[in-house]
Amino acid sequence: MSSTADKSRAAQKPALQILLLLAFYVVVWTLYANWTQLNLDGFGDMLENFSWGIAWQNGYFKHPPLFAWITAAWFSVFPRADWAYYLLSAVNSAVAFLASWRIAVRFLDPWRAAMSTALFFFLPPVSFLAIKYNANAAMLPFWAATVLFYLRFLEKRRLLDAILLGALAACSMLVKYYSAALLGAICLHMLFDREARALFAGAGVWVASAVFLLVMAPHLVWLVEHDFLPLTYAAEQGDGSALAGIASAPRFLGALIAYLLPAILVLAIALMRNGRGAWFETRQIAALRNSLTGRALLWTSFGSLGLTLVLGIVLAARFSSVWALPLYFSAPILLMLFIRPGRLETWKAVIPIAVVVYSTALLALSPFIRAEEAKDSSNYNGVPVRAIALEIEKIWDDRFDKPLAYVAGDKILASGSSFYASARPFSMQDSSFRLTPWVTEADVRSNGIVIACFAEQAWCLNAAGKFPVRATEEERISVPGFTDEKIWDVRLFIVPPA
């Protein structure tokens, strides 16, 4: 009786350690982001996510809908505040790490699996880059969970795992079409691995495929009805050069390797603190080829990278390092497999101490990092978005009894009003009814609208002049920036409510 209870407690201990580690990650990175960032993000993507999500469409002109839905659902519970958005970003990463840990326990002993999870603290793509929740960051948990349930399906052949695999694969695609690189790697593994290929004779593969199509169906219908807008948008990105993919691939690969260096440095410190002897060996990595799940891990890790390169070159896409975020779901596992057995176990506290020291240093440096952020005037970094949004709403409320329902114009001003204004107005995408089908001319004529442009923003001012519903009132506002050096002048074109 006592022996059974001891085994149960031993099995629960790693899970408790991982949950504590992930809770620590969430706290540290929520605080760090909130203490260092002046705006949610310099490109306005996080604000745009919310402005899309609250419309609950089956697609949007730039992306499929899932990460926008997640954002809207999150803020139906949490207040619309920057700290709550950073909490979403941190939880998003933590869920990915949890799934990665469940993958790791299949290939590493419990302690090394836990340490592989701790290494995520030192990978910039899943920390510094992922604090800005957007389509790239939102793929993190879905890629890791898709691979996890693919492994579970290979191991147990259960229909439940097949159903969850199909659903998670569809969710990955509904976050961003780039997830086709992961799903393609899974398909190639099933086709080229003899042991996996035998699964086509069973029901599981077909059930997973049917669930995938079922979950994707509403978005596929939306795509047809809206002239494949996200695909058109993706095709229009870049400079149109046929060699863009080839030219940018080396830099992309260099960034992938550079992002690994902090984790490798921590491992090197741990190795040096654990006595002498050879550091690395390839035996454990090579052994992955001897098992079905091991080969699946290699295919999903390196196959998805290979497909990324092939698709990028074929489609003449300019590679961006932010695409790499979901690719790191297995990076700490593979790094741990390269470490010689026994070379980290003499003094096991090194990596946990490194996590605490690193996290403490980040938080201690946050005031200085924030000061440096204040100097960055690129993109929308220096725009006092919240202050402008509240001023827009105040001007509207002073004039009209109806709450502010719609804001158009510049992306950051319109989406920022959606997020920060108490009335939670809908944001029109590029002041276009075609790109914002959930807003109609009849809606605007009935409820009114504010078109907000920066004072010297020619394209926005021109679009305001050509807006189908003519503005009859105009207002100018001036809002101080984050420093005393800049005043932000904004012109408002107002269509009063009927």
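Along the sequence shown, residues carry numbers from 1.
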side-chain hydrogen bond (donor to acceptor under 3.5 Å, both in side chains) against [X], all qualifying residues, sequence neighbours excluded:
X	value
R386	none
R158	D161
T308	Y178
S127	none

Donor-acceptor list for residues 22-33 side chains, cut-off 3.5 Å, not counting sequence neighbours:
residue: Y25; atom: OH; partner: V126; partner atom: O; Å: 2.7
residue: T30; atom: OG1; partner: V26; partner atom: O; Å: 2.6

Donor-acceptor pair, side chain of [X] and main chain of [Y], under 3.5 angstrom:
X	Y	result
S291	A287	no
Q429	S427	yes
R106	T293	no
Q57	A55	yes

Query - Sole candidate of F78, F50, F419 that passes ring-ring contact (aromatic ring centres under 6.0 Å, His included) when paired with Y85 - result: F419
My understanding is that only residues two or more places apart in sequence, or in another chain, count here; which of them pass side-chain contact (heavy atoms from CB on, under 4.5 Å) with [X]?
X	answer
F228	L223, V224, L231
L214	none
S320	V322, W323

Requested in this report: Taking all heavy atoms of F153 and all of V205, pick out the closest pair and write down the distance.
Outcome: CZ-N, 3.8 Å
Requested in this report: Identify the heavy atoms of F61 and Y233 that sit nearest to each other, and give their distance.
Outcome: O-CB, 3.4 Å
For [X] and [Y], does a side-chain donor sit closer than 3.5 Å to a side-chain acceptor?
X	Y	answer
S89	N92	no
S330	S301	yes
Y380	D45	no

Report summary line: Applying salt bridge (Lys or Arg N to Asp or Glu O under 4.0 Å) to D376 and not counting sequence neighbours gives none
Going by atom type alone, with no hydrogens or angles, which donor-acceptor pairs under 3.5 Å involve a side-chain atom of residues 332-344 and a protein atom two or more places apart or on another chain?
residue: R340; atom: NH1; partner: E281; partner atom: OE1; Å: 3.4
residue: R343; atom: NE; partner: A278; partner atom: O; Å: 3.0
residue: R343; atom: NH1; partner: N274; partner atom: O; Å: 2.9
residue: R343; atom: NH2; partner: L271; partner atom: O; Å: 3.4
residue: R343; atom: NH2; partner: G275; partner atom: O; Å: 3.0

Extract all donor-acceptor atom pairs below 3.5 Å that involve side chains of residues 129-150 and protein atoms in other chains or at least two apart in sequence.
residue: N134; atom: OD1; partner: N136; partner atom: N; Å: 3.1
residue: N134; atom: OD1; partner: A137; partner atom: N; Å: 3.0
residue: N136; atom: OD1; partner: K176; partner atom: NZ; Å: 2.6
residue: W143; atom: NE1; partner: S179; partner atom: OG; Å: 3.0
residue: T146; atom: OG1; partner: F142; partner atom: O; Å: 2.6
residue: T146; atom: OG1; partner: L168; partner atom: O; Å: 3.3
residue: T146; atom: OG1; partner: S172; partner atom: OG; Å: 3.2
residue: Y150; atom: OH; partner: H189; partner atom: ND1; Å: 2.6

Identify every side-chain donor-acceptor pair in residues 352-364 under 3.5 Å, counting partners at least two apart or on other chains, and give the distances.
residue: S359; atom: OG; partner: V355; partner atom: O; Å: 2.8
residue: T360; atom: OG1; partner: V356; partner atom: O; Å: 2.7

